[in-house]
Amino acid sequence: MFRRFIRDVIKALGDYGDEKFLRESEYADICSTVAFKLAKEKNTKPAEVADEIVAFMEFDSDYIGKVESVNGYINFTASGEFLRETVNRILDEDENYGSFSLGEKSVLVEHTSANPDGPLHIGHIRNSIIGDTVARMFRKAMVDVVTHYYVNDMGRQIAIACLGYKKYGIDRSKKPDQAVVEAYIKMNREIEEKPDLEEEVEKLMIAYERGDEEAVNLFREVVSLALQGITETLNKINVCHDEYVWESMFVRNGYVDRVIRMLEERNMLKEEAGALIIDMKKLGYEKDVVVKRKNGTTLYVTRDLAYHLWKNENYERFVNILGSDHKLIGRQLQDVMKALGLKAPEIVFFEFVSLPEGSMSTRKGKFIPADELIDRVYVEAKKIVEKRVDLSEDEKEKIARAVATGALRYDFVRIAPEKPMTFDWSKALDFERQSAAYIQYSHARACSILRKAVREGKPELEFLEELCNSDERKIVILLSKFSWVVEKALRTLRPNVFADYLMDVASAFNDFYSKYPVLKADSELRMHRLALVDACRIVLRNGLELLGIEAVERM
RNA sequence: GGGCCCGUGGCUUAGCAUGGAUAAAGCACCGGCCUUCUAAGCCGGGGAUCGCGGGUUCAAAUCCCGCCGGGUCCGCCA
């Protein structure tokens, strides 16, 4: 709804309706700072310009209530009708509230894509959560979304894991991804001691790339095992991929050859010591990109190029979520795609998650597995649920799970991707303010009021703008901003923007909750407030859903 | 060494795209609020040279230049 209000404001401003001068403000629902720019050009005072614009402004909008010129700002206040329509619309649209059309057809979101050589750790989880939330936001914007996990099944690490698997087998009693990483670590150690084993690794990689049956079966077995464990972990935090796309597919289906041919045709390749190299100096890079080793095998980037050629043929837009260590190669990939006359992927780079004692290292065993984090957060949540909720064991467990995944997801999604973060157990296990539990709690409180209203036999809802006080007004304006915020978050691909918004909604609702009685209010006021509570409930629930967090009705 | 990212109260962050009205929250700290719809809550208080220095501007946390601190990348690895 706020998007409509803004549209009307822009129309009312006419020639001065440039969206880039519109700002949120504590003095109005939206304000424009055009007068400052114009004053500079005309060499007059902003206040005078603003006065003049307001004096001559003509508009016919049911949503704009008041326009004022204050110190050069042009302040717009929404009308009572806007408030009423907002609440009614939320109540009508219910689970669809917040949807809007971004006007795009299809988006492919590739995220997580961790090497299938072992379990996910908390760094990978940041990727998954950002990616999954971005995908959910696109769906809310009525875009067809497909999510991909790009499986690097051709890497050296995988070959090592396979070798380990072949030599020692694996422990079938363990979670499969854990079992795979143990074989990988064991083999790695052996290679360090006996460097001539390198040859075997290389032989295996060549065999797999050539499609040797035995190698293919071995790789397929090991990678599937790892993926099985990874999927299980991901499911626990409500992350699910539509497709797992194996890298090797692109060497088998000819896309790798096609992309190399395209590079040749554009004269972008050179040969050095038997290897095929993209001359990146022409594109402004110091570092070249090797696409074929002298032994004839391809590299990760070669297959990635082929993958992106394939993406070009199937999707309008494609977004990748990548750790910032991939910045150079990611940008090179984008520029090579453009040089080929193709669309480049949009990339969200996120900074590393480190531990208080320093950066994580899989090899040194300095990392926190995602499973451990999930389990510990769950245990902590369960303790609190036990203490305060009088429900069946099943329900308590369900609530603890919802609170745990919520806490975890929110903890990662609230931080802007480009911020490095240091993992902190005490924060991860905190369920108070500025955590998902706070939002879930507000939602549960709203549900509780509504439940009692039904039980009392007086569930009538009707928002009455003439009864709306300033606190309530503030809430409705916030509620109206749902899709506007999703759009804003999507524009910059920063899901933290929405996480922040939902926290504001929860906070405003909690203020309201403690300040104003609902069930005990007199008839009309009660109906009015019940409508508001229900609207909050819907926004909170839809918002949590957008963040991949379950909105429980009791907690 | 070069490229990129980060630097906002003691701690964790928002705001930076598109410069504008007293820099916004949480944690921690201090003080209040459960005979009223769930206290995982609410209210109040103290606490910030927005890393440092310059510049642009009527106006800079936001833009530009330099510096400092931290991270990261610079493999015929992924």
Side-chain angles (χ1 to χ4, degrees), chain A residues 18-27 31 33 35-37 39-40 45-46 70-73 75 113-115 117 152 154-158 247 272-277 285-295 297-301 304 323-329 331 349-352 354 359 381 384-385 387-389 403 414-422 424 426-427 430-435 437-442 444-453 456 488 491-492 494 496-497 499-500 503-504 507 510-511 513-521 529 533 554-555:
Chain A
D18 192 337
E19 195 161 3
K20 84 177 185 207
F21 297 111
L22 258 29
R23 298 279 185 281
E24 286 184 273
S25 160
E26 54 189 298
Y27 304 97
C31 73
T33 58
F36 290 95
K37 265 287 170 304
K40 189 181 178 68
K45 286 181 187 156
V70 184
N71 301 331
Y73 295 88
N75 289 343
S113 304
N115 284 344
D117 57 1
N152 164 29
M154 300 190 77
R156 220 182 87 85
Q157 286 96 319
I158 310 307
E247 252 194 278
E272 252 171 47
L276 260 190
I277 296 172
Y285 291 89
E286 260 178 52
K287 194 190 156 254
D288 285 336
V289 169
V290 178
V291 290
K292 219 168 211 177
R293 296 185 182 94
K294 69 173 168 229
N295 71 10
T297 56
T298 56
L299 290 96
Y300 177 83
V301 64
D304 211 14
S324 66
D325 54 336
H326 286 69
K327 263 187 177 170
L328 177 60
I329 191 69
R331 293 200 169 128
F349 290 107
F350 66 94
E351 283 295 325
F352 272 43
S354 57
S359 49
I384 297 173
V385 174
K387 266 191 277 184
R388 45 182 65 249
V389 187
V403 169
R414 57 178 267 262
I415 312 287
E418 70 275 14
K419 299 276 187 180
M421 58 186 287
T422 305
D424 179 346
S426 71
K427 279 194 190 67
D430 177 33
F431 305 108
E432 292 184 359
R433 232 182 173 296
Q434 220 160 69
S435 74
Y438 178 86
I439 304 170
Q440 288 170 309
Y441 187 64
S442 318
R445 278 176 146 183
C447 289
S448 178
I449 292 177
L450 268 358
R451 198 163 46 232
K452 290 203 164 130
E456 288 172 7
K488 188 163 69 166
R491 197 159 45 230
T492 45
R494 287 152 54 87
N496 61 299
V497 170
D500 216 50
M503 185 57 64
D504 285 346
S507 177
N510 270 331
D511 287 351
Y513 181 92
S514 64
K515 211 163 161 185
Y516 305 103
V518 177
L519 297 173
K520 290 200 167 67
R529 288 191 177 151
V533 170
R554 289 171 216 264
M555 61 186 283

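Below, read A as the first sequence line, B as the second, and so on, with proteins coming before strands; counting in each chain starts at 1.
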Short side-chain N/O contact to [N] OP1/OP2 from [X], under 4.0 Å:
{"X": "A/R433", "N": "B/C42", "answer": "yes"}
{"X": "A/R293", "N": "B/C76", "answer": "no"}
{"X": "A/Y285", "N": "B/G2", "answer": "no"}

Exercise for review: Classify the side-chain pair A/R433/A/S507 by whether it contains a donor and acceptor separated by less than 3.5 Å.
Suggested key: yes

Determine the Euclidean distance between corresponding [atom1] atoms of [M] and [N]; express it in Å to zero decimal places.
{"N": "B/C11", "M": "B/U56", "atom1": "C1'", "result": "35 Å"}
{"N": "B/A61", "M": "B/G53", "atom1": "P", "result": "13 Å"}
{"N": "B/G51", "M": "B/C33", "atom1": "P", "result": "40 Å"}
{"N": "B/C6", "M": "B/U62", "atom1": "P", "result": "13 Å"}
{"N": "B/C29", "M": "B/C73", "atom1": "P", "result": "38 Å"}
{"N": "B/U22", "M": "B/C65", "atom1": "C1'", "result": "31 Å"}
{"N": "B/G66", "M": "B/C74", "atom1": "P", "result": "25 Å"}
{"N": "B/U13", "M": "B/U57", "atom1": "P", "result": "36 Å"}

Base, sugar-phosphate, or nothing for [X], non-hydrogen atoms under 4.0 angstrom?
{"X": "A/D117", "value": "nothing"}
{"X": "A/K287", "value": "sugar-phosphate"}
{"X": "A/Q440", "value": "nothing"}
{"X": "A/V289", "value": "nothing"}
{"X": "A/Y438", "value": "sugar-phosphate"}

Nearest-Å distance, [atom1] ([X]) to [atom2] ([N])?
{"X": "A/I439", "N": "B/G41", "atom1": "CD1", "atom2": "P", "result": "12 Å"}
{"X": "A/L328", "N": "B/G71", "atom1": "CG", "atom2": "C1'", "result": "16 Å"}
{"X": "A/D288", "N": "B/G75", "atom1": "CG", "atom2": "C1'", "result": "13 Å"}
{"X": "A/E432", "N": "B/A25", "atom1": "CD", "atom2": "P", "result": "19 Å"}

Check your understanding: Is there a donor and acceptor pair, one atom on the side chain of A/S507 and one on the base of B/A25, closer than 3.5 Å?
Key -> no

Given that both distances must come in under 3.5 Å, which nucleotide forms a Watson-Crick or G-U wobble pair with [N]?
{"N": "B/C63", "answer": "B/G55"}
{"N": "B/U49", "answer": "none"}
{"N": "B/C33", "answer": "B/G41"}
{"N": "B/G10", "answer": "B/C27"}

Check your understanding: Above 12 or not: heavy atoms from other molecules or residues under 6.0 Å from CD of A/E286?
Key -> no

Check your understanding: Would the number of heavy atoms belonging to other residues, nucleotides or ligands and lying under 6.0 Å from CD of A/E19 be above 12?
Key -> no

So how far is it from [X] [atom1] to [Y] [atom2], rounded to the nearest 0.5 Å?
{"X": "A/L519", "Y": "A/K452", "atom1": "CG", "atom2": "NZ", "value": "8.0 Å"}
{"X": "A/C447", "Y": "A/M555", "atom1": "SG", "atom2": "CE", "value": "11.5 Å"}
{"X": "A/N75", "Y": "A/E26", "atom1": "CG", "atom2": "CD", "value": "10.5 Å"}
{"X": "A/D288", "Y": "A/L276", "atom1": "CG", "atom2": "CG", "value": "12.0 Å"}
{"X": "A/T298", "Y": "A/M154", "atom1": "OG1", "atom2": "CE", "value": "5.0 Å"}

Could you work out which one of [options] sits closest to the side chain of [X]?
{"X": "A/R156", "options": "B/C42, B/C76, B/C77", "result": "B/C77"}
{"X": "A/E286", "options": "B/U57, B/G2, B/A21", "result": "B/G2"}
{"X": "A/S359", "options": "B/A25, B/U72, B/C73", "result": "B/U72"}
{"X": "A/D325", "options": "B/C73, B/A21, B/G41", "result": "B/C73"}

Point to revise | A/E351 side chain reached by A/I415 side chain, heavy atoms, under 4.5 Å | key: no

Check your understanding: Any side-chain heavy atom of A/V403 within less than 4.5 Å of one from A/F431?
Key -> yes

Exercise for review: May I ask you to decide if A/R331's main-chain N or O and A/Y285's side chain share a donor-acceptor pair within less than 3.5 Å?
Suggested key: yes

Review point. Using the purine O4'-C1'-N9-C4 or pyrimidine O4'-C1'-N1-C2 torsion, is B/C34 syn (within 90° of 0) or anti?
Key: syn

Point to revise | Nucleotide-resolved protein contact map, nucleotides 4-19 of chain B, B/S/- at heavy-atom distance under 4.0 Å | key: SSSS----SSSSBBB-

Practice item. Encode nucleotides 33-38 of chain B as B, S and - characters from 5' to 3', where the letter depends on protein heavy atoms closer than 4.0 Å: B to the base, S only to sugar-phosphate, - to neither. Key: ---SBB

Point to revise | Of A/E247 and A/V403, the one whose closest RNA chain B nucleotide lies more 5' | key: A/V403

Study note, to complete from the structure: Between A/A35 and A/V290, whichever has its closest RNA chain B nucleotide further toward 5' is A/A35

Exercise for review: Could you pull out the closest heavy-atom pair between A/L299 and A/K292, with the gap in Å?
Suggested key: CD1-N, 3.8 Å

